Amino acid sequence: MIALPEPAKYFQVVWEIVRQIPYGQVTTFKQIAEMIPPPAGVEVEDYSRLGARWVGDALNAVSIPDEPTVPWHRVINSRGSISLPETSQGAALQRGRLRAEGVEFDAKDRVDFDRCGWEGPDAAWVAAHGLLPAHSLRKPPTDAPQQMSLF
DNA sequence: CGTTTGACTACGC
DNA sequence: CGCGTAGCCAAAC
């Protein structure tokens with residue numbers, strides 16, 4: 001079976017990436033996982049399946065003292081919504097912090113990745129840390145825009 | 001020491 | 001689209 005070889009080390013990388021997320025922008029567990037190369041001993045296939053989960057574990061492991069240095073509230077799930085239990089205190093805190101940063105939630109309590117989705121760290125930073133380029137959360141520009149503005 | 005639960009996703013209806 | 005389910009790992013019971 002595949003286990004995360006060095007959780008502490010992996011967590012550190014996750015936190016370092018989270019620290020790069022700009023104010024007012026959000027990213028997903030998956031996007032972060034995709035930026036981190038599969039740990040030694042972990043098959044790529046397995047990693048693609050488990051990475052996001054491990055990122056979640058990493059955020060969950062952020063200690064109180066370190067909490068101010070890791071903007072964990074800017075990490076949400078791939079559906080664009082907060083993953084903490086709706087009734088939880090953490091969810092309220094996360095939503096409050098994001099709203100304070102100008103991130104808006106729609107009627108379904110989801111954010112618009114096209115507006116505030118993170119494009120990832122700049123290439124130089126990625127290379128310097130031996131990471132992989134991030135997949136953009138925003139829709140790729142199309143030649144024939146899906147819908148023209150009515151105004 | 002077996003079970004349950006969780007800050008995930010992909011996939012099928 | 002929305003909701004339920006299956007896989008998976010790790011930590012907490």
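Quick caveat, the model's predicted, so the values are computed rather than measured. Each chain gets a letter, A, B and so on, in the order the sequences are listed, and its residues count up from 1.
Between the side chains of A:D66 and A:T69, no donor-acceptor pair of N or O atoms lies under 3.5 Å.
Atom-to-atom, OH of A:Y47 to P of B:dC8 comes out at 15 Å; the value is rounded to the nearest Å. Taking atom CG on A:L50 and atom C1' on B:dC8, their separation rounds to 10 Å, with Å as the unit. Residue A:L4 contributes atom CG, which lies 16 Å from atom P of B:dC8 at whole-angstrom precision. A:E45 places its CD atom 12 Å from the C1' atom of C:dG7, with the value rounded to the nearest Å. Rounded to an integer number of Å, the gap from A:D46 CG to C:dC8 C1' is 9 Å. A straight line from CZ of A:R79 to P of C:dG2 spans 10 Å, rounded to a whole angstrom. Taking atom CD of residue A:E67 and atom C1' of nucleotide B:dA7, one finds them 13 Å apart after rounding to whole Å. Here B:dC8 presents its P atom at 13 Å from CD1 of A:I82, a figure rounded to the nearest Å.
Judged by distance alone, with hydrogens and angles left aside, the side-chain atoms of A:Q94 form a donor-acceptor pair with the main-chain N or O of A:V75 at under 3.5 Å. With A:N77 contributing its side chain and A:G80 its backbone, the two residues share a donor-acceptor pair below 3.5 Å. Checked by atom type and distance alone, the side chain of A:R19 never pairs as donor or acceptor with a backbone atom of A:V70 at under 3.5 Å.
Shown for residues 91-110 of chain A: no residue has heavy atoms falling under 4.0 angstrom of DNA chain B.
When heavy atoms are screened at a 4.0 angstrom cut-off, A:N77 is found touching the sugar-phosphate backbone but no base atom.
For residues 3-13 of chain A, the pairs satisfying side-chain hydrogen bond (donor to acceptor under 3.5 Å, both in side chains) are A:Y10-A:Y47, with sequence neighbours left out.
In this structure A:D112 satisfies the side-chain hydrogen bond (donor to acceptor under 3.5 Å, both in side chains) test with no other residue, sequence neighbours excluded. Contacts of A:P133 classified as side chain to side chain contact (heavy atoms under 4.5 Å, CB included), with partners at least two apart in sequence or in another chain: none.
Closest to the A:A52 side chain, of the nucleotides C:dA10, B:dA7, B:dT9, is B:dT9.
Using cut-offs of 30° and 60° on the angle between ring planes, the pair A:W15 and A:F11 is tilted.
Using a 4.5 Å heavy-atom threshold, the side chains of A:L98 and A:V26 count as touching.
A:L132 and A:W54 sit in two unconnected hydrophobic clusters of ILVMFWY residues. Membership requires side-chain heavy atoms under 4.5 Å apart, directly or through other members. Note: the hydrophobic cluster containing A:F105 also contains A:L93 (ILVMFWY, side chain heavy atoms under 4.5 Å, direct or indirect links).
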Listing time: all N or O pairs from protein to nucleotides 11-13 of chain C that are below 3.5 Å?
none

Please write out the pairs of protein N or O atoms and N or O atoms of nucleotides 10-13 of chain B separated by less than 3.5 Å, giving the distance to one decimal.
unit_1	atom_1	unit_2	atom_2	d
B:dA10	OP1	A:K30	NZ	2.6

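Heavy-atom distances to DNA chain C give each of A:R53 and A:D57 a nearest nucleotide, and the one nearer the 5′ end belongs to A:R53.
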